[in-house]
Chemist: 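Sharing a structure below in structure tokens format, with a few things to ask.
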Amino acid sequence: MIINTKLIEDFINDHPAQYKGKYRYHSGYRIDDYRFKCHYYMLDENFRKIDIFVELHCENEISYIFSEDLHEQEKIYIVKDALKKIVDRLQCEGTLHYSLYETYIKTVSNEHIFLDPIDYCLILEYMKYHNGINQQTMDAFYEMFIPSLEMLISRKKYDKFLDSITFLLKKVLYEYEWDGTTMKYLDTEYQFHLYYVREIIRIVYRHLDKFYKYVPEKLFEVIEVMCQNTRFSFMIMTDFGILVLSHYKVTQALLDTLKEKFVLNDKDEDRDNVNLVFSYIYYIFTNNYDQYYAVILKELRNIIHNMLTFANHDLDLALGNSLAKAEGYEIILDLFSEDYNTFIFTCFPIESFPKELRTKVRDQLITAVQFFAARMENEKYRLSSFEQVANINRLLMDNFKEWYK
């Protein structure tokens with residue numbers, strides 16, 4: 001049955017509000033012609049998960065049933081958010097009927113019918129609703145999804161292949177920040193997809209000439225989506241970088257297209273809304289080492305910020321260590337000489353530096369002490385400078401005791 005989207009739009013327009021709810025979308029699916037189930041959740045200040053389920057009826061009027069009682073503003077916020085997602089789904093044509101999700105999941109094989117790009121996302125939504133967002137769910141999904149992608153290539157359905165990836169990335173590339181008592185928690189789904197997205201990138205790489213020949217605009221759209229998600233893309237940069245830089249003609253056309261959409265980082269000019277992923281690729285391709293190095297420094301600042309801000313910073317730590325090893329630990333010293341931020345050594349402990357750099361680290365710390373000691377004459381900076389001097393003294397005592405003898 002066809003849902004009356006005007007009914008939904010009227011409900012949204014009839015309930016204007018500036019209130020931003022506490023709950024965030026988890027998953028949802030259609031259960032019959034006019035009903036949908038959605039799962040929302042939040043993390044409290046101790047990062048404990050609180051779940052809310054809502055059933056929406058969209059036949060002659062919009063009605064809803066919540067699993068728990070909430071105040072009216074929160075209810076309306078959730079209902080409007082869910083309705084907007086429903087309208088977005090209804091605008092995309094699919095092949096698989098909503099009543100067949102479970103059957104498809106249980107019986108899928110390489111001989112199955114071709115699905116439309118939206119179908120794979122709706123199947124994933126169904127799996128997340130019933131099994132949660134976890135690695136086991138994603139493993140089960142990609143056991144179906146990747147063979148389906150390979151089938152699309154074998155049948156030369158390059159447009160559906162790339163549309164399926166774009167739909168998926170737009171669904172899973174999100175970050176929610178939750179406030180705790182002393183730290184924040186960065187909630188991401190994409191951490192469960194990193195391995196499989198690398199696998200998909202390798203498939204694209206093997207058939208790059210065909211994608212560029214037949215559907216270049218869709219190929220560039222996938223890369224554009226990835227460029228818009230800095231943290232995610234830098235975590236898979238080894239494979240992503242090989243893909244976008246492997247073919248001169250493709251890379252040149254890609255950069256010409258995306259240069260109209262993204263702002264390049266510039267080490268000599270403070271620009272708003274710069275895109276670090278695109279800048280990284282662009283400066284490698286144009287062989288501009290100074291600008292490339294500035295991009296790495298800026299991304300390291302982002303990593304350090306995340307490590308100091310979020311309780312769950314394992315991915316940032318891994319990325320930071322990877323960049324330090326790839327570029328050399330001198331880049332951490334260069335960053336410190338620019339910022340004089342002693343918390344850099346909280347994220348990258350001095351004992352992790354190669355032995356031949358320890359003397360340089362000590363000399364940088366001594367120079368920084370002199371800088372902050374001089375700045376303490378200014379009342380405006382006295383307190384912050386005192387904190388930095390105390391941190392540096394601790395770092396020197398902990399790591400260079402023999403120097404004091």
Side-chain angles (χ1 to χ4, degrees), residues 45-47 175-186 230-231 234 263 265-274 276 279 290-291 293-321 323-324 327-354 357-404:
E45 62 181 14
N46 295 312
F47 304 139
E175 295 178 347
Y176 297 152
E177 290 187 15
W178 302 99
D179 291 326
T181 51
T182 58
M183 298 281 283
K184 292 177 178 286
Y185 187 92
L186 187 63
T230 304
R231 192 169 178 266
F234 268 106
V263 178
N265 185 70
D266 193 316
K267 69 182 184 66
D268 300 317
E269 181 183 341
D270 188 16
R271 297 177 176 177
D272 294 329
N273 301 318
V274 299
L276 291 184
S279 300
D290 288 345
Q291 291 286 10
Y293 199 73
V295 171
I296 298 298
L297 288 174
K298 198 160 190 175
E299 177 57 18
L300 281 170
R301 290 187 180 98
N302 291 339
I303 291 168
I304 290 166
H305 169 77
N306 288 342
M307 291 178 68
L308 296 173
T309 303
F310 299 112
N312 58 324
H313 56 253
D314 290 349
L315 291 177
D316 296 286
L317 176 60
L319 177 57
N321 288 334
L323 288 175
E327 301 297 329
Y329 276 82
E330 290 88 347
I331 197 169
I332 307 299
L333 286 177
D334 289 343
L335 185 62
F336 181 71
S337 67
E338 287 191 13
D339 298 355
Y340 278 165
N341 178 5
T342 54
F343 294 108
I344 288 173
F345 297 113
T346 301
C347 302
F348 299 95
I350 293 172
E351 58 265 26
S352 68
F353 280 65
L357 286 179
R358 301 284 179 85
T359 301
K360 287 186 178 180
V361 174
R362 185 197 66 194
D363 293 343
Q364 288 272 18
L365 289 171
I366 293 169
T367 302
V369 164
Q370 294 168 344
F371 169 80
F372 287 115
R375 204 171 70 153
M376 287 177 70
E377 298 295 328
N378 189 322
E379 186 176 348
K380 181 180 178 181
Y381 300 110
R382 187 169 297 159
L383 189 60
S384 61
S385 296
F386 180 80
E387 180 184 24
Q388 293 288 354
V389 168
N391 287 341
I392 294 170
N393 283 332
R394 178 182 53 79
L395 288 168
L396 288 169
M397 286 295 296
D398 289 347
N399 295 277
F400 304 100
K401 292 179 180 178
E402 71 284 354
W403 183 67
Y404 284 91

Chemist: Exactly one of Tyr176, Phe310, Tyr185, Trp178 should register a ring-ring contact (aromatic ring centres under 6.0 Å, His included) with Phe47. Which one does?
Modeler: Tyr185
Chemist: Rounded to the nearest 0.5 Å, what separation is found between the CD atom of Glu379 and the OG atom of Ser385?
Modeler: 12.0 Å
Chemist: Phe336 and Asn341: which non-hydrogen atoms are nearest, and at how many Å?
Modeler: CD1-O, 3.5 Å
Chemist: Name each donor-acceptor pair under 3.5 Å that joins a side chain in residues 294-303 to protein atoms two or more places apart or in another chain, with its distance.
Modeler:
residue: Lys298; atom: NZ; partner: Asn265; partner atom: OD1; Å: 3.1
residue: Glu299; atom: OE1; partner: Asn302; partner atom: ND2; Å: 3.4
residue: Arg301; atom: NE; partner: Asp339; partner atom: OD1; Å: 3.4
residue: Arg301; atom: NE; partner: Asp339; partner atom: OD2; Å: 2.8
residue: Arg301; atom: NH2; partner: Glu338; partner atom: OE1; Å: 2.8
residue: Arg301; atom: NH2; partner: Asp339; partner atom: OD1; Å: 3.1

Chemist: Could you check whether atom CD of Glu269 has more than 12 heavy atoms from other residues, nucleotides or ligands sitting under 6.0 Å from it?
Modeler: yes
Chemist: With no hydrogens and no angle check, is any side-chain donor or acceptor of Thr309 less than 3.5 Å from a backbone partner on Asn306?
Modeler: no
Chemist: The test is side-chain contact (heavy atoms from CB on, under 4.5 Å); show your working for Leu333 and Val361 and say whether it passes.
Modeler: CA-CA 7 Å; Leu333 286 177; Val361 174; 3.6 Å; yes
Chemist: Could you tell me whether a side-chain N or O of Ser352 sits under 3.5 Å from a main-chain N or O of Pro349, the two making a donor and an acceptor?
Modeler: yes
Chemist: Could you pull out the closest heavy-atom pair between Tyr340 and Phe371, with the gap in Å?
Modeler: CD1-CD2, 3.4 Å
Chemist: Roughly how far, to the nearest 0.5 Å, is the CG atom of Asn399 from the CZ atom of Arg358?
Modeler: 7.5 Å
Chemist: To the nearest 0.5 Å, tell me how far Leu396 CG sits from Leu365 CG.
Modeler: 5.0 Å
Chemist: Just jot down the ring-ring contact (aromatic ring centres under 6.0 Å, His included) partners of Tyr381, sequence neighbours excluded, or say none.
Modeler: none
Chemist: Tell me, do Ile344 and Ile304 make a side-chain contact under 4.5 Å, heavy atoms counted?
Modeler: yes
Chemist: Below 4.5 Å, heavy atoms only, C-beta onward: do Asp266 and Val274 meet side chain to side chain?
Modeler: no
Chemist: Would you say that Lys360 contacts Asp363 through its side chain, given a criterion of any heavy-atom pair below 4.5 Å between the two side chains?
Modeler: no
Chemist: How close do Met307 and Met183 get, heavy atom to heavy atom, and via which atoms?
Modeler: O-CE, 4.3 Å
Chemist: Let's go through Cys347 and Leu317 carefully: what are the C-alpha distance in whole Å and the side-chain angles of both, what is the deciding distance for side-chain contact (heavy atoms from CB on, under 4.5 Å) to 0.1 Å, and is it a yes or a no?
Modeler: CA-CA 8 Å; Cys347 302; Leu317 176 60; over 6 Å; no
Chemist: Just how far is it from atom CD of Glu330 to atom CG of Leu335, taken to the nearest 0.5 Å?
Modeler: 13.5 Å
Chemist: Is any side-chain heavy atom of Arg362 closer than 4.5 Å to one of Ile350?
Modeler: no
Chemist: Pairing donors with acceptors under 3.5 angstrom, does anything connect the side chains of Thr342 and Gln388?
Modeler: yes
Chemist: Which pair of heavy atoms, one from Ile332 and one from Phe353, lies closest together, and at what distance?
Modeler: CG2-CZ, 3.6 Å
Chemist: Between Phe345 and Leu395, which heavy-atom pair has the shortest distance, and what is it?
Modeler: CD1-CD1, 3.9 Å
Chemist: Would you indicate whether the side-chain heavy atoms of Ser279 and Gln291 approach each other to under 4.5 Å?
Modeler: no
Chemist: How many angstroms lie between CG in Asn273 and CZ in Arg271, if you round to the nearest 0.5 Å?
Modeler: 12.0 Å
Chemist: Tell me whether Asn312 contacts the main-chain N or O of Leu186 through its side chain, where contact means a donor paired with an acceptor under 3.5 Å.
Modeler: yes
Chemist: Do Asn321 and Phe348 touch side chain to side chain, with heavy atoms closer than 4.5 Å?
Modeler: yes
Chemist: Identify the two heavy atoms, one from Val369 and one from Val389, that lie closest to each other, and give their separation to 0.1 Å.
Modeler: O-CG2, 4.5 Å
Chemist: Step through the shown structure and confirm whether more than 12 heavy atoms of other residues, nucleotides or ligands are within 6.0 Å of CG on Asp270.
Modeler: no
